[in-house]
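Read through the structure below, which is laid out as structure tokens, and then see the notes.
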Protein chains: 2
Amino acid sequence: MKKKSKSQIVYDHIEELVISGEIKPGERLPSEAKLCDILNVSRVSVRAGIEKLVAIGLVSKKKGGGTYVNKPSSDNYLSVFTPTLLHNTDYLELLEIRRALDSLAVQLCAKNITEAGIRKLAEIVEDMEHITDDGDFFALDKKFHLLISKYSKNRFLHNINLITWDVIQKTLRQNYNKVMNAARIVEHRKIYDAIIHKDSDLAKIFTLRHLEDIIDTFVCEYNQESQYEAIRRQRRR
Amino acid sequence: MKKKSKSQIVYDHIEELVISGEIKPGERLPSEAKLCDILNVSRVSVRAGIEKLVAIGLVSKKKGGGTYVNKPSSDNYLSVFTPTLLHNTDYLELLEIRRALDSLAVQLCAKNITEAGIRKLAEIVEDMEHITDDGDFFALDKKFHLLISKYSKNRFLHNINLITWDVIQKTLRQNYNKVMNAARIVEHRKIYDAIIHKDSDLAKIFTLRHLEDIIDTFVCEYNQESQYEAIRRQRRR
DNA sequence: TGAAATAACTTATATTACAAGTTATTCCGG
DNA sequence: CCGGAATAACTTGTAATATAAGTTATTTCA
């Protein structure tokens, strides 16, 4: 267990304040001096920690005025990855992106995956089928999809996926668990089978269905309409 | 013209060193003390600037050892967006993602765009058709696609797009200009027409073709093979 | 020659001080 | 009592200095 740096303590503390909703977007952080007292570190460390949060776009500083939590609509583009509280509509937006990118990832993965990769993927699928605790599913699901994007050999794709799952883990686990059920596990198996047979088209189809099922379940649960749903309905006409 | 903060001076200076290739991934930055001398600022400011670069994943610090430019393969996921020098293969990876996300964006855009948005889009397309300087094309192309993702009303999608174009602008303009030609302008007009007729399916098709043409041109230019090309060839069999 | 000891260097943190900008309060004329 | 100007209190920005702690290069000595 490596010791956390002082600036990391500050970073984590403020991030937690924002994720938990204790400080909402638009609101002001405690002043640097107060944070020094609370966390028992020097102002140098407080400033270093805040500096990082500024860089990723979670907060903004105003000389003489204080430090404020950015609103999600901030034009700082890195704010995509900031762990602000996400609402259900935000989650749908995220799922729409997953639909587009996961289907690309699985295509590339089926083409590029190695024997070692297949073994790892097999292990995950099997673990998933013998799950006892509901909480474990999240970890396995994340692993499964990240492994696929890793073997897509497209680093940008994989990195975007890492971010996506990081956001899901930090802010959406409650919502997430509600859309989990036995059907998801079968879908993973199907995707896996398509990958090992190097059938990228089939893998893509199963991945699209997988994401569409997740979206459907989520929309049902919350009686909301996704933009994707609207497009699909339009197509049926 | 707002005055740059000291830490921003440091940030920009180091970013420039990396983008220009003066300091390559894996190499060490000048020490904090040296940067103080070079830039004539205090160590506090040097550290604040570097702290931001650490946060976005461009560099990593080793206590006692120095500060190093990260390699693109760094597992710091924000490194996707860091302005390290990108090679041609990296650009192809980026184009593959654009293919997946731009087609989604244009679908949503056709559904959600407002009258004001259409007017803005029209202006861009017309400017594009009356272009005199080649250099202007980049700015208009960027504007066009960012406007589409903006009106997709999916904030994640738009933010990823902002990042993508930022990376292109910072690191890929030379490559980019080579794939530009008159055909691109016609393609934009077609996409625009589909959008104003609210035909999301057609808009998607034209966008896919647009990106595939760009990829083809780029691949021809550099005699490289994109993963996407391989998939397309496979499908033809 | 080789390994341990040492020196030199580098980042991490703390303290103090002041500059410069913002916000809240006080004060005073009407 | 009201309104606005002056002021005080607060907050971030920058600097200088000092020390701790880790890494790297050099020296020393067996």
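Because the structure is a prediction, the values reported are computed rather than measured.
- When distances run from any side-chain atom of B/S31 to the nucleotides C/dT22, C/dA14, C/dT10, the shortest one goes to C/dT10.
- If you take CG of B/L35 and C1' of C/dT11, they are 13 Å apart, rounded to a whole angstrom.
- Ring-plane geometry between A/H210 and A/H145 is classed as parallel, the angle between the planes falling under 30 degrees on a 0 to 90 degree scale with a further cut at 60.
- Positionally, the nearest nucleotide of DNA chain C for B/G64 lies more toward the 5' end than for the other of B/G64 and A/G64.
- When the nucleotides C/dT13, C/dT22, C/dT11 are ranked by their closest atom to the side chain of B/K63, C/dT11 comes out on top.
- Residues A/N154 and B/E93 have side chains in contact (heavy-atom distance under 4.5 Å, counting atoms from C-beta outward).
- The nearest whole Å value for the distance from the NZ atom in A/K4 to the P atom in C/dT13 is 13 Å.
- The CZ atom of B/R43 sits 15 Å away from the P atom of D/dA20 (whole-angstrom rounding).
- Taking atom CD on B/Q8 and atom P on D/dG13, their separation rounds to 12 Å, with Å as the unit.
- Here the side chain of A/V41 is nearest to one of C/dA14, C/dT23, C/dA12, namely C/dA14.
- Salt bridge annotation for B/E51-B/K61: present, with a cationic side-chain nitrogen under 4.0 angstrom from a carboxylate oxygen.
- The shortest distance between side-chain heavy atoms of B/L157 and B/L108 falls below 4.5 Å.
- For B/Y68, counting side-chain heavy atoms from C-beta on, the closest listed nucleotide (D/dT24, C/dA12, D/dA15) is D/dT24.
- Between the OH atom of A/Y11 and the P atom of C/dT13 there is a distance of 16 Å, rounded to whole Å.
- Ranked by how close their nearest DNA chain D nucleotide is to the 5' end, A/P30 and B/G65 are led by A/P30.
- At least one side-chain nitrogen or oxygen of A/R28 sits closer than 4.0 Å to the OP1 or OP2 atom of D/dT11.
- At C/dA12, none of the side-chain N or O atoms of A/S7 fall inside 4.0 Å of OP1 or OP2 (strictly under the cut-off).
- If A/S5 and A/K62 are placed on DNA chain C by their nearest nucleotide, the residue sitting closer to the 5' end is A/S5.
- Atoms NZ (A/K61) and P (C/dT22) sit 15 Å apart, rounded to a whole Å.
- The side chain of A/R47 approaches D/dG13 more closely than any other nucleotide in the set D/dT11, D/dG13, C/dA14.
- Listed candidates were D/dT12, D/dA15, C/dT13. Nearest to the side chain of A/E32 is D/dT12.
- In this entry the distance linking CG of B/D37 with P of D/dA16 reads 11 Å, nearest Å.
- The listed nucleotides are C/dT10, C/dA14, D/dA15; the one nearest the side chain of A/V44 is C/dA14.
- The side chain of A/S45 places an N or O atom within less than 4.0 Å of a non-bridging phosphate oxygen (OP1 or OP2) of C/dA14.
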(request) For side chain to side chain contact (heavy atoms under 4.5 Å, CB included), just list the numbers for A/T67 and A/L53, CA-CA rounded to whole Å, side-chain angles, deciding distance to a tenth of an Å, and then say yes or no. (result) CA-CA 10 Å; A/T67 305; A/L53 293 166; over 6 Å; no
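- When distances are taken from the side chain of A/K34 to each of C/dA20, D/dA16, D/dT11, the shortest belongs to D/dT11.
- Annotation for B/K52: atom NZ counts as buried by contact number, over 12 foreign heavy atoms lying within 6.0 Å.
- For the pair B/E51 CD and C/dT13 C1', the computed distance is 12 Å after rounding to whole Å.
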